[in-house]
Number of protein chains: 2
Amino acid sequence: MTTSEGGRTGRRPGPGTSRDAILAAARDQFTQHGFKGATLRAIAGRAGVDPGLIRHFFGDKEGLFTASMEMPPEAPAAVLGVFAEPVDEWGERLTRAYLSLWEDPDTAGPLRATVVSAFANDQALDRLRLFIVSTVLEQARPHLPADEPDLRLATAMTHIIGIALGRYLLKAPPLVAADLDVLVALVGPTVQRYLTGPLPGGAAEDPDGDNDCK
Amino acid sequence: MTTSEGGRTGRRPGPGTSRDAILAAARDQFTQHGFKGATLRAIAGRAGVDPGLIRHFFGDKEGLFTASMEMPPEAPAAVLGVFAEPVDEWGERLTRAYLSLWEDPDTAGPLRATVVSAFANDQALDRLRLFIVSTVLEQARPHLPADEPDLRLATAMTHIIGIALGRYLLKAPPLVAADLDVLVALVGPTVQRYLTGPLPGGAAEDPDGDNDCK
DNA sequence: CCTTGACTTCCACAAACGTAGAGTTCTACA
DNA sequence: TGTAGAACTCTACGTTTGTGGAAGTCAAGG
């Protein structure tokens with residue numbers, strides 16, 4: 001975002017805006033071309049900055065990468081906080097909380113970078129799985145029905161993530177056109193059903209939810 | 001002229017085991033490191049072949065890439081064929097047909113490569129969206145309820161794809177551990193509900209009333 | 001035999017990459 | 001006002017990459 005000064009070297013006048021410009025450009029390039037595909041020169045070019053500056057701020061290409069995936073700590077907390085609410089409201093709340101992360105420009109960038117890189121890099125994928133499995137699952141399991149709590153949360157989360165991918169990454173027209181509230185009203189009940197509803201194959205009309213079918 | 005090959009002489013395209021080895025290695029490397037991240041030398045090394053052979057068979061790195069994403073034509077037909085079945089059976093059939101594509105080693109490779117590259121490459125993403133939107137949507141829309149048919153199919157497809165990503169790419173333990181039949185029984189009804197069930201907020205009446213949470 | 005064309009390998013090159021360090025200019029603080 | 005250090009640019013090096021062509025090998029037909 002910084003204008004390129006012609007020929008001049010040394011520190012630019014005014015407050016340093018370059019760091020943020022580099023981060024924005026990095027997220028853009030990493031999500032568009034992957035880790036190896038994105039070049040430091042292209043990122044610097046987009047940011048209107050000398051490539052050497054990247055090394056100054058982030059040391060490494062991997063340093064830049066991890067920095068570009070960091071998101072404000074209140075972001076995951078917003079999703080995790082849903083688990084403190086009554087369990088019968090999780091469906092809509094969870095859906096709305098997660099999709100809101102993708103709506104907010106501040107968190108959408110890192111989120112995008114995280115997901116995309118997870119699909120193109122085994123290490124990043126391991127990190128993502130670890131976060132979902134351990135953090136999310138551990139937080140939610142105590143409040144879920146005894147039969148197959150892991151499978152319940154996995155299908156629910158997968159569903160929400162799938163919607164997010166379709167709307168914000170694949171940009172499927174029907175999902176993009178839909179209003180966020182419509183989407184939440186549509187998906188929320190399904191998520192709720194996965195979380196606390198009866199499971200097929202077992203005693204479906206069991207009101208206690210106390211069945212041990214597998 | 002004894003053969004139907006015309007009057008051509010010389011060595012015929014042999015049983016060439018190298019070509020297939022290259023394709024397998026290419027799919028492996030492309031899905032693991034992305035298009036730019038995968039190197040022709042690494043692919044050739046994995047295939048136990050000289051890098052020059054790749055150029056001989058596929059000409060280009062992009063030629064190799066597109067070739068590695070081609071899948072047997074009967075694969076998409078298996079999914080599209082579901083639309084010829086009664087609409088009230090689409091839920092389970094669609095789910096099973098698509099997930100089966102990921103179970104079959106012959107189609108899982110290209111499918112994996114397609115999806116992964118779509119997330120790391122804008123062109124591939126456009127291709128995938130075009131296929132889903134135009135081919136799948138056009139085929140299914142005539143049989144769907146009049147209210148929001150596109151949104152119905154979009155949520156349904158997104159859900160199935162999300163499950164596939166969680167099970168076969170992210171490898172979320174609960175989804176991996178679950179039997180395919182269990183997964184179909186769990187997800188199928190949800191998909192069916194998206195396709196033909198009532199929409200929240202809308203005034204649509206549900207004639208067959210299969211709103212049972214079974 | 002010999003010819004032919006597909007298969008396979010080796011060597012080489014130009015471009016682009018990440019990294020490195022030295023040098024230049026501006027801000028912050030005493 | 002002066003100085004330390006952060007911000008910033010320039011030039012350069014070593015490596016790796018995709019690509020190209022020349023040359024050798026092997027099976028099949030004349």
Side-chain angles (χ1 to χ4, degrees), chain A residues 1-26 28-30 32-68 117 120-121 123, chain B residues 1-26 28-30 32-68 117 120-121 123:
Chain A
M1 219 34 202
T2 316
T3 58
S4 61
E5 225 106 345
R8 297 207 36 174
T9 73
R11 181 171 188 165
R12 290 172 183 168
T17 167
S18 299
R19 211 190 117 100
D20 289 338
I22 292 174
L23 279 177
D28 201 58
Q29 295 290 298
F30 279 137
Q32 204 160 349
H33 303 106
F35 178 76
K36 289 266 180 70
T39 71
L40 295 183
R41 283 171 167 88
I43 292 171
R46 279 289 181 100
V49 152
D50 186 272
L53 198 55
I54 296 180
R55 189 173 172 270
H56 172 67
F57 280 126
F58 307 99
D60 222 338
K61 186 180 186 180
E62 194 159 311
L64 208 213
F65 181 68
T66 59
S68 72
S117 67
N121 177 290
Q123 265 191 344
Chain B
M1 261 208 282
T2 55
T3 63
S4 60
E5 298 290 328
R8 304 191 44 175
T9 71
R11 181 176 187 170
R12 284 183 282 187
T17 168
S18 300
R19 213 190 115 100
D20 290 338
I22 292 174
L23 278 177
D28 202 58
Q29 295 289 297
F30 279 137
Q32 203 160 348
H33 303 106
F35 178 75
K36 289 266 180 70
T39 71
L40 295 183
R41 284 172 169 86
I43 292 172
R46 279 289 181 99
V49 153
D50 186 273
L53 242 196
I54 296 181
R55 189 172 172 271
H56 174 254
F57 279 126
F58 306 99
D60 223 336
K61 187 181 186 180
E62 193 159 312
L64 208 212
F65 181 67
T66 60
S68 73
S117 66
N121 177 290
Q123 265 192 344

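Any value given below was found using the heavy atoms of this structure, including those in side chains, with hydrogens, waters and symmetry copies removed. Protein chains get the first letters and strands the later ones, always in sequence-line order, with residue 1 at the start of each.
Spacing between atom CG of B:Leu40 and atom P of D:dT17 amounts to 9 Å, rounded to whole angstrom units. D:dA7 atom C1' lies 13 Å from atom CZ of A:Phe58, rounded to whole Å. A:Gln29 places its CD atom 11 Å from the P atom of C:dC17, with the value rounded to the nearest Å. D:dG20 atom P lies 7 Å from atom CG of B:Asp60, rounded to whole Å. Atoms NZ (A:Lys36) and P (D:dT15) sit 18 Å apart, rounded to a whole Å.
With rounding to the nearest 0.5 angstrom, the CG atom of B:Asp50 is 12.0 Å from the NE2 atom of B:His56. Here CD1 of A:Ile22 is found 10.0 Å from CG of A:Leu40. Values are rounded to the nearest 0.5 Å. Atom CD1 of A:Ile54 sits about 11.5 Å away from atom CG of A:Asp60, to the nearest 0.5 Å. Here the CG-CZ distance, from B:Leu23 to B:Phe57, works out to 9.5 Å after rounding to the nearest 0.5 Å. We find the CG-CZ distance between A:Leu53 and A:Arg19 to be 10.5 Å, quoted to the nearest 0.5 Å. Between the OG1 atom of B:Thr39 and the NZ atom of A:Lys36 there is a distance of 8.0 Å, given to the nearest 0.5 Å.
A:Ala38 comes within 4.0 angstrom of the backbone, heavy atoms only, and of no base. Using a 4.0 Å heavy-atom cutoff across all strands shown, A:Ala44 reaches no nucleic acid atom at all.
Distance from the side chain of A:Lys61 is smallest for C:dT19 among the nucleotides D:dC8, C:dT19, D:dG20. Comparing D:dG18, D:dC8, C:dT19 by their nearest atom to the side chain of A:His56 picks out D:dC8. Each of D:dG20, D:dA7, C:dG18 was ranked by its minimum atom distance to the side chain of A:Thr39; first place goes to C:dG18.
Shown here are the salt bridge (charged side-chain N to carboxylate O under 4.0 Å, His left out) partners of A:Asp28, two or more places apart in sequence or in another chain: A:Arg46.
Distances shown here put a side-chain N or O of B:Arg55 below 4.0 Å from the OP1 or OP2 atom of D:dG20.
Using a 4.0 Å cutoff on non-hydrogen atoms, the parts of residues 46-54 of chain B near DNA chain C are B:Asp50, B:Gly52, B:Leu53, ordered by number.
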Between the protein and nucleotides 12-14 of chain C, list every N/O to N/O distance that falls short of 3.5 Å.
none

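Taking the six-membered ring where tryptophan is involved, the planes of A:Phe35 and A:Phe30 are essentially parallel, since the angle between them stays under 30° and well short of 60°.
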